[in-house]
Amino acid sequence: MQIVNRSRKNSVALETTLLIHGVPSNSSRSLAHELAGIVDAQGAHPVLVGVVDGKPTIGMTDDELDALIDAPSVPKANTGNLGVYLKRKSHAATTVSTTMELAHAAGVRVFATGGLGGVHSGYGENWDVSADLMAFTQFPVAVVTSGVKSILDVVSTREALETLGIPVVGFRTDSFPAFYLPESAAGVDARFDDADELADYVRFELARTSRGIVVANPIPQEHALDPVQWDEWLTLAKDRAEQEHARGRAWTPAVLGAVHEFSGGATLRANIGLVKSNTTLAGMLAARL
Ligand code: PSU
Ligand code: MN
């Protein structure tokens, strides 16, 4: 695979699906700049990952990001359909799975996102498990994430990670975080309180295996949502997504968009708060590798 690789030592990958499908388009550009600034401030190098005119790009320029933002519709690339978008010379936003694939192809070992995809708690009778989980068995990249999105079945997702043999370590937490909520009923394999110690482990584990690592970083307390309030918004949002017949890859963006609306922007602020915190930790890690 031919890639455009603008990464260098100590790079941190950032993904385009979060920017293009996870937040309203008028905040994509400013969020991208803020995240890049956060990585820089940690002494690491930010690389935005996406597909531009069929070119897998690790380190997108502002113009390239603008091209995706301004495109009428940009597909979400997972491990399975990525090759189709490359062959057809289309733009595509990379999810956690394809950002890991491209980061690895460029030699980038650290990636910051908001929340992983995982096991869905269901719409209708459908079985829906994100390609993000399998990607950890294929690409040795440490992904800093606030656990998995609270719109999923968090405990089943944690079990699925264990089944796949993927290490899940917590930064200053014993609990597997649930995106907008700092804790869930599930736990982590180990807790690290010190960034140096965490970086030593990440270096060791990535060299030892060809698998990725989930670095679980809970949403900062000041951004966390009230669980009861969250449940109300989630119920409304799922009903809305059902009414819109959102299915498959459209489900996550539809539910996220609806909770942002029902919460009057509170979930969006929380989402941005947790992504920034994950980006800070990813920058700290990359600077230490
Ligand atoms: N983190 C966020 N917002 C997002 C995502 C992550 O804060 O929108 C994206 C990631 O790209 C992840 C995707 O891979 O959501 C999961 O989509 P799905 O459930 O369809 O696999
Ligand atoms: Mn899916």
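Atoms within each ligand, like the ligands themselves, are counted from 1 in listed order. Only heavy atoms go into these numbers, but all of them, side chains included; no hydrogens, no water, no symmetry mates. For the single chain, residues carry numbers from 1 onward in sequence order. Given the structure is predicted, the values throughout are model-derived calculations rather than measurements.
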Q. When the ring planes of His104 and Phe139 are compared, do they come out parallel, tilted or perpendicular, using 30° and 60° as the limits?
A.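 His104 vs Phe139 ring planes: tilted.
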Between [X] and ligand 1, is there a nitrogen or oxygen pair with a distance under 3.5 Å?
X      : result
Ser130 : yes
Gly115 : yes
Arg249 : no
Ser97  : no

Are [X] and [Y] close enough that a side-chain donor and a side-chain acceptor fall under 3.5 Å?
X     : Y     : value
Ser97 : Thr95 : yes
Thr98 : Asn78 : no
Thr16 : Thr94 : yes

Side chain, backbone, both or neither: which applies to [X] and ligand 1 if a contact is any heavy-atom pair less than 4.0 Å apart?
X      : answer
Val96  : both
Thr95  : both
Thr99  : neither
Leu256 : side chain

SB check Arg240 Glu261 (cutoff 4.0 Å) =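 Salt bridge present between Arg240 and Glu261.
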Students should be able to answer this: which protein heavy-atom is nearest to [atom], and at what distance?
atom                    : value
atom 20 (O) of ligand 1 : Lys76 NZ, 2.8 Å
atom 15 (O) of ligand 1 : Lys149 NZ, 2.9 Å
atom 7 (O) of ligand 1  : Asn271 OD1, 2.9 Å
atom 12 (C) of ligand 1 : Asp132 OD2, 3.3 Å
atom 2 (C) of ligand 1  : Leu18 CD1, 3.3 Å
atom 19 (O) of ligand 1 : Thr252 OG1, 2.7 Å

Exercise for review: Consider ligand 1: state whether an atom of it lies below 4.0 angstrom from any non-hydrogen atom of Glu15.
Suggested key: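 Distance cut 4.0 Å: Glu15 passes for ligand 1.
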Taking a cutoff of less than 4.0 Å between a non-hydrogen atom of the residue and any ligand atom, is Trp251 in contact with ligand 1?
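Distance cut 4.0 Å: Trp251 fails for ligand 1.
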How long is the span from the [atom1] atom in [X] to the [atom2] atom in [Y], to the nearest 0.5 Å?
X      : Y      : atom1 : atom2 : result
Ile151 : Ser121 : CD1   : OG    : 8.0 Å
Ile219 : Thr173 : CD1   : OG1   : 13.0 Å
Met1   : Leu102 : CE    : CG    : 5.0 Å

Taking just the N, O or S atoms of Asp128, which one is nearest to the Mn ion (ligand 2)?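 The closest N, O or S atom of Asp128 to the Mn ion (ligand 2) is OD1.
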| Exercise: identify the closest heavy-atom pair between Gly283 and Ala44 |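 Heavy atoms of Gly283 and Ala44 come nearest at O-CB, 3.7 Å.
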For the residue pair Phe262 and Trp233, is the inter-centroid distance of their aromatic rings smaller than 6.0 Å?
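No, too far apart.
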Inset, instruction - Among Asp53, Asp70, Val51, find the one that has a side-chain contact (heavy atoms from CB on, under 4.5 Å) with His91. - result: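 Filter result, single survivor: Asp53.
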For Thr113, counting its heavy atoms only, list the atoms of ligand 1 lying under 4.0 Å from any of them.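 Answer, ordered by atom number: 1 (N), 6 (C).
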For ligand 1, which atoms, with element, lie under 4.0 Å from some heavy atom of Gly22?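 Selected atoms, number and element: 8 (O).
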Exercise for the section: Mark yes when over 12 heavy atoms from residues, nucleotides or ligands other than Gln2 sit less than 6.0 Å from its CD; otherwise mark no. Expected result: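 Result for CD/Gln2: open.
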